[in-house]
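Accompanying notes for the structure given below.
In this text, all values refer to a predicted model and were calculated from it rather than measured experimentally.
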Amino acid sequence: MTKRLTEVAKKAGVSEATVSRVLNGRDGVSEATRTAVLTALDVLGYERPTKLRGERARLVGLVLPELQNPIFPALAEVVTGTLAQRGYTPALCARTIGGVSEMDYVEMLLDHQVSGVIFAGGSYALADARHDHYRRLTDRGLPVVLVNAGVDELGFPRVSTDDAVAVEQAYGHLRSLGHERIGMVLGPEGHVPSRRKLDAMIQAARWGAADAECVERSSFSMEGARVAATKLVERGVTGIICASDVLALGTIRAARRLGRSVPADVSVVGFDDSAFMTCTDPPLTTVRQPIETMGQAAVDLLVTQIEGAGVLHDELLFEPELVVRGSTAPAPGR
């Protein structure tokens, strides 16, 4: 703090006491001097105190991995609407392949002196990804909330769907239909929510080492899911639980390319209940994330931090809901 006061005072051509008065919002400083101190603060790269940021302090970043998966626009709608109701201006940042990275967006948001950031589907959920840009936010003391599970050491508040309950619901549904050979199409190896789903499946199905062939990994794309699901169907799996609706649609495509019928030969369960899943062929049985409740909770957590009311470091887990449609049916021969 002393070093900052000295540098800012020198840059603005005023005393350290004057800088202190400006930073603490005290009277007795002319508008010209106040402007000079704040300009010096900006030029030197120091963050303005929240109460001195003006309208820019009402800006909140929402960083998403994409907008093609319908679940992310649905989350964006809830978060941006809730932020607006609370008097904040949302800044939507959606990453694209070969475009602006999450790290780049963090730098841009810091340059715009945002009051906080909400992340969904970011690299925080990948154990083997770089997390340096998140630590920059920690160093700045910027309020942050993560939507769905992330690596523990980051220490940010998290709002998550209970992956264990989601798997228990999907597995229980398939077992009730007589399926005994049940597999999973999950995200990459280091994807924390997928790890949680796998752990829950191991517990629910009492899997051992031999059951590893019932799990395939994929990128979160229909093309990746098609490759992964093809292997499971060829191994005789009749029920498949997927880590997203997009993966489920790729799985259905894989089954059909192998000449199998969904759901007569292979039953498929998705995860998200994103838009248009009632319009697919067949309509998708899926586990619904409570996106509206989670989005509102994420904003509440962030605003609580911004207003200085403390930080809840615990993870809030929200219970999902199994939605049964036409992609699941009794196991073949039942």
Side-chain angles (χ1 to χ4, degrees), residues 42 45 47-48 50 53-126 129-151 154-161 187-188 191-193 219-221 244 246 272 274-275 289 291-292 294-306 311:
D42 294 339
E47 185 177 3
R48 294 189 186 194
T50 301
R53 294 182 197 170
E55 288 304 312
R56 289 184 293 178
R58 309 300 293 182
L59 188 66
V60 170
L62 172 60
V63 183
L64 303 175
E66 57 168 310
L67 292 177
Q68 292 183 332
N69 184 335
I71 198 66
F72 293 116
L75 176 66
E77 183 178 7
V78 174
V79 170
T80 56
T82 307
L83 283 170
Q85 291 173 359
R86 302 291 293 269
Y88 290 86
T89 301
L92 178 60
C93 306
R95 306 196 310 274
T96 56
I97 297 175
V100 180
S101 69
E102 187 176 70
M103 190 177 301
D104 292 333
Y105 272 130
V106 166
E107 292 300 324
M108 292 167 62
L109 292 171
L110 287 174
D111 287 343
H112 284 81
Q113 298 179 346
V114 294
S115 287
V117 186
I118 296 174
F119 291 92
S123 58
Y124 63 84
L126 298 171
R130 291 186 60 185
H131 300 131
D132 298 348
H133 52 296
Y134 297 120
R135 296 188 177 92
R136 285 210 60 198
L137 298 174
T138 301
D139 293 342
R140 291 283 191 96
L142 201 69
V144 171
V145 174
L146 308 179
V147 177
N148 279 329
V151 294
L154 291 175
F156 293 130
R158 287 168 288 174
V159 173
S160 304
T161 299
H191 185 244
V192 176
S219 61
F220 281 95
S221 67
S244 77
V246 171
D272 282 340
S274 46
Q289 292 200 69
I291 287 298
E292 184 169 352
M294 291 171 62
Q296 292 171 349
V299 172
D300 289 343
L301 279 176
L302 192 77
V303 172
T304 297
Q305 293 180 71
I306 293 172
V311 181

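Ion pairing of R135 with D132 is present here, as a side-chain N (NZ or NE/NH1/NH2) and a carboxylate O approach within less than 4.0 Å.
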Checklist entry - Where do V78 and Q296 land on the side chain to side chain contact (heavy atoms under 4.5 Å, CB included) test, with the steps shown first? => result CA-CA 7 Å; V78 174; Q296 292 171 349; 4.1 Å; yes
Checklist entry - Going through the distances and angles, do V147 and I118 end up as a side chain to side chain contact (heavy atoms under 4.5 Å, CB included)? => result CA-CA 7 Å; V147 177; I118 296 174; 4.0 Å; yes
Next on the checklist: One pair to check against side chain to side chain contact (heavy atoms under 4.5 Å, CB included): Y88 and V303. What are the steps and the verdict?
Outcome noted: CA-CA 9 Å; Y88 290 86; V303 172; 3.9 Å; yes
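The backbone N or O of P90 sits nowhere less than 3.5 Å from a side-chain atom of T80 that would complete a donor-acceptor pair. A donor-acceptor pair under 3.5 Å links the side-chain atoms of Q305 to the main chain of V144, judged by distance alone. At least one donor-acceptor pair closer than 3.5 Å links the side chain of N148 to the backbone N or O of T161.
For L75 against A120, the heavy-atom pair with the smallest separation is CD2-CB, 3.4 Å. Heavy-atom minimum distance, L62 versus A76: CD2-CA, 3.7 Å. The minimum heavy-atom distance linking A91 with L109 is given by the pair CB-CD2, 4.3 Å. When all heavy atoms of M294 and S160 are compared, the pair lying nearest together is CE-C, 3.8 Å. Of all heavy-atom pairs between F72 and L64, the closest is O-CD1, 3.8 Å. Considering all non-hydrogen atoms of both residues, S274 and P70 come closest at CB-CB, 3.7 Å.
Every residue was checked against the ring pair (Phe, Tyr, Trp, His ring centres under 6.0 Å) condition with H133, not counting sequence neighbours, and none meets it. Listed by chain and number, the residues in a side chain to side chain contact (heavy atoms under 4.5 Å, CB included) with L154 are Y124, H131, Y134, V151, F156 (sequence neighbours excluded). Applying the salt bridge (charged side-chain N to carboxylate O under 4.0 Å, His left out) rule to D300 yields the partners R86; only residues at least two apart in sequence or on another chain are considered.
For E292, the CD atom counts as loosely surrounded, since its 6.0 Å shell holds 12 or fewer non-hydrogen atoms of other residues, nucleotides or ligands. With a 6.0 Å radius and a threshold of 12 heavy atoms from other residues, nucleotides or ligands, E66 has its CD atom above the threshold.
The CZ atom of F119 sits 5.0 Å away from atom CD of E102, with the distance rounded to the nearest 0.5 Å.
Taking 4.5 Å as the limit, some side-chain heavy atom of L110 sits within range of a side-chain heavy atom of L142. In this structure the side chain of R136 never reaches within 4.5 angstrom of the side chain of M103, judged on heavy atoms.
The only option from V145, I306, V79 that meets the side-chain contact (heavy atoms from CB on, under 4.5 Å) definition with V60 turns out to be I306.
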